[in-house]
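Following: one structure in structure tokens, then a few remarks.
Chain letters run A, B, ... following the sequence lines, proteins first, then strands; residues in each count from 1.
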2 protein chains.
Amino acid sequence: MGVTLKDVAEKAGVSIGTASMALNNSDKVNIETYKKVISVARKLHYVPNARARALVKQSTNIIGLVVPQIINPFFAELAQAVKDSARKKGYNLILCSTDGKADEEARYIEFFKSGMVDGAIFASQESLTNQNKIILEELIANYIPVVNINSQEFGSDLVPVIKIDLEKTSYLATRYLIELGHQRIGFGSHSLKRFEGYKRALSEFDLYNPEFVYFPMQDFDEDIYAIVASLMEVKVRPTAFVCYNDNSAIKMIQLLVEKGIRIPEDISICGTDNILLSRYYNPSLTTINIPKEAMGQKAIEILVRIIAGERVAKSELDITYPIELLKRKSTTTYQG
Amino acid sequence: MGVTLKDVAEKAGVSIGTASMALNNSDKVNIETYKKVISVARKLHYVPNARARALVKQSTNIIGLVVPQIINPFFAELAQAVKDSARKKGYNLILCSTDGKADEEARYIEFFKSGMVDGAIFASQESLTNQNKIILEELIANYIPVVNINSQEFGSDLVPVIKIDLEKTSYLATRYLIELGHQRIGFGSHSLKRFEGYKRALSEFDLYNPEFVYFPMQDFDEDIYAIVASLMEVKVRPTAFVCYNDNSAIKMIQLLVEKGIRIPEDISICGTDNILLSRYYNPSLTTINIPKEAMGQKAIEILVRIIAGERVAKSELDITYPIELLKRKSTTTYQG
DNA sequence: CCCTCTCTTTTAAACGTTTCAAATTTAGAT
DNA sequence: ATCTAAATTTGAAACGTTTAAAAGAGAGGG
């Protein structure tokens, strides 16, 4: 169907080998031949067949990125960063979103194993499904290079991890709310790590009260309705709330506002992620910044090095990026 | 490095051809042989090499999706829909975002030409860069199947288009604002089509006034600062504003609120896209729904059919999806 | 016992590159 | 004119599949 190297070679009057070398700028080929081949190739609109090249080169120049959901702005922004870095290194990015389903995750792992990508990055909220942790281990050990973003578990010789200190996110948020004078601070997340940070901050001031803790079983986003409903019924309401990401914080605010509760006057709310929109939300969202660009870039950088066969230093096997509290308008002081 | 078909064949005591057929569930192979091969393959953790398969099959089972930006929730949501449909048809999706740069667009087209994808979907705000319209035409004509989403130009035998009536988006929004009693209605977009709809609605009531029209030259998102600044200075301010997407509407609201302007009491604001967050924004955003899921799904459906060699019916070469006004809280009545 | 037909397996070409050893050409030195 | 070394080109293997044609093995009929 398409124009092949053979066509180019014939028209240029050289062998396939020579044509290939010319097109790959080998210095072994005579300048005249080179010119001839290039010109013929251009004339015929020759485009090298990436499939054939992939087979012989054992590499596709594609990197896979797996995220739980693209429609979560946090991951969209991360994907953007990863993509930009990948492109700079000459790679294309295949973006895979699992919607948190273990079988989708498994399908992608299968796909990766088949050799369609040169390496993969797994980004998660906190960890992969248990089942796939095992599959992933195997994947890495036997097939392709992998880097994890945000997983709190790995960080081995095989799978470097780029992460943040999850516990600290909620610690920072909670402590800030305490500093603002709040004493009844609510919390919602399915993450144990985050809960620990929340509890640590409160414990330091002897303010911890399990009544204000919500552990949604499923998807937090969906369970916000339940949390808000519960918040409306309870007799002593928290005056501040720590959400596990900006998306859920925003939903929560909206639902509360609809019930006539003012943010931040009645309840201060704090998110995590610093998604683009959090700055433009109304009220603008107090949140924890996560350096997505830096993390995405680092992940690609390390992955590319592993692909190239380099051995990464011990110090780079487990990198924790600093996070930062951004004080905005969704939180305010409270006088008991 | 990995286990190949040859290894499996040898261990199973059959030829490579037979092993291949067994693994592909061919009915030509004896049931005993089949079982033997399958069991050996499993034992050896054999995974077919997708690169080799792609070469001989002339197909990678990958579809490319090109969007201007992933971090725009509209495209993230569209990508989600496209991905889901693609997976259902057995394809993987390679997500490419161009950031509106013509050269990135061109690089992706080059990549597609090389045969790494079986087909491509180009989604845009309104149209591709001029330069690449030409490249794209050529791509389609000679290399791989393509479907356009949202482009207002194509819709040929070669490139089916899935789109909405852009003119109508702003017409609907503007007319609604007029119905609410507004007489000074502002407008911001670089889209001529959208401007036409805006103007048509106003003209019907003799309310058109060029003073209220903003044509940002570059990226609208960035130019919102300028528009808001200008809005603050002008002596007669519009009481309503039509934004060209939800993202910009949200930014605009936030900037206005920061200046002490109340939304919707002082200015009613209307977006377009109905991104997930628009419902959760504060105030919730009056906007135009665009059926992203349906459009994404249709795009895949048609593309897959073209890839399969089917000829699509004339009626499917240019499909316009219905849009719908969603009345929410960012707009309110106005008594002159 | 031979022929035919069906069922199964093998063989080998094909996919379109890259790459490296071998062959060829060219140039330079004697 | 001959030899050597360098420069260039060619040829062919390799990458790991799929697939169609050919070969082989049984079975059944005459």
Practice problem: Verify the contact: side-chain N or O of B:Ser20 to OP1 or OP2 of D:dT17, cut-off strictly under 4.0 Å; return yes or no. | Solution: no
Exercise. Sugar-phosphate atoms are those with a prime plus P, OP1 and OP2; base atoms are the rest. Using that split, label each nucleotide of nucleotides 4-13 of chain D B, S or - for protein heavy atoms under 4.0 Å, 5' to 3'.
Key: ----SBBB--
Quiz prompt | Value in whole Å for how far the C1' atom of C:dT18 lies from CG of A:Asn25 | solution = 14 Å
Exercise. Identify the two heavy atoms, one from B:Gln80 and one from A:Ser97, that lie closest to each other, and give their separation to 0.1 Å.
Key: OE1-OG, 3.5 Å
Practice problem: Starting at atom CG of B:Leu5, determine the distance to atom P of D:dG16, rounded to an integer number of angstrom. | Solution: 11 Å
Self-check item: Nearest-nucleotide pick for A:Gln58, side chain only, options being D:dT17, C:dT18, D:dC15
Solution: D:dC15
Quiz item: Whole Å only: how far is the CG atom of B:Leu55 from the C1' atom of C:dT17?
Solution: 8 Å
Quiz item: Separation of A:Glu32 atom CD from C:dT25 atom C1', in whole Å?
Solution: 16 Å
Self-check item: Heavy-atom pair with the smallest gap, counting every atom of A:Thr98 and A:Glu104
Solution: O-CB, 3.7 Å
Quiz prompt | Closest non-hydrogen atom pair between B:Leu44 and B:Val3, with its separation | solution = O-CG2, 3.4 Å
Exercise. Look at B:Lys83 together with A:Asp99 and state whether they make a salt bridge at an N to O cut-off of under 4.0 Å.
Key: yes
Practice problem: Return the value, rounded to whole Å, for the distance between atom CG of A:Asn24 and atom C1' of C:dT17. | Solution: 9 Å
Quiz item: Could you state the NZ-P distance from A:Lys57 to C:dT18, rounded to the nearest angstrom?
Solution: 7 Å
Quiz item: B:Tyr34 near the nucleic acid: base, sugar-phosphate alone, or nothing, with a heavy-atom cut-off under 4.0 Å?
Solution: nothing
Quiz prompt | B:Glu301 with B:Arg305: basic N within carboxylate O range, under 4.0 Å | solution = yes
Practice problem: Please report, rounded to the nearest Å, how far the P atom of C:dG16 is from the CE atom of B:Met116. | Solution: 14 Å
Quiz item: Donor-acceptor pair, B:Thr60 side chain versus B:Met116 backbone, under 3.5 Å?
Solution: yes
Practice problem: Using only heavy-atom distances, determine whether the side chains of A:Asn92 and B:Tyr108 contain a donor-acceptor pair under 3.5 Å. | Solution: no
Self-check item: Value in whole Å for how far the P atom of D:dT18 lies from CZ of A:Arg51
Solution: 15 Å
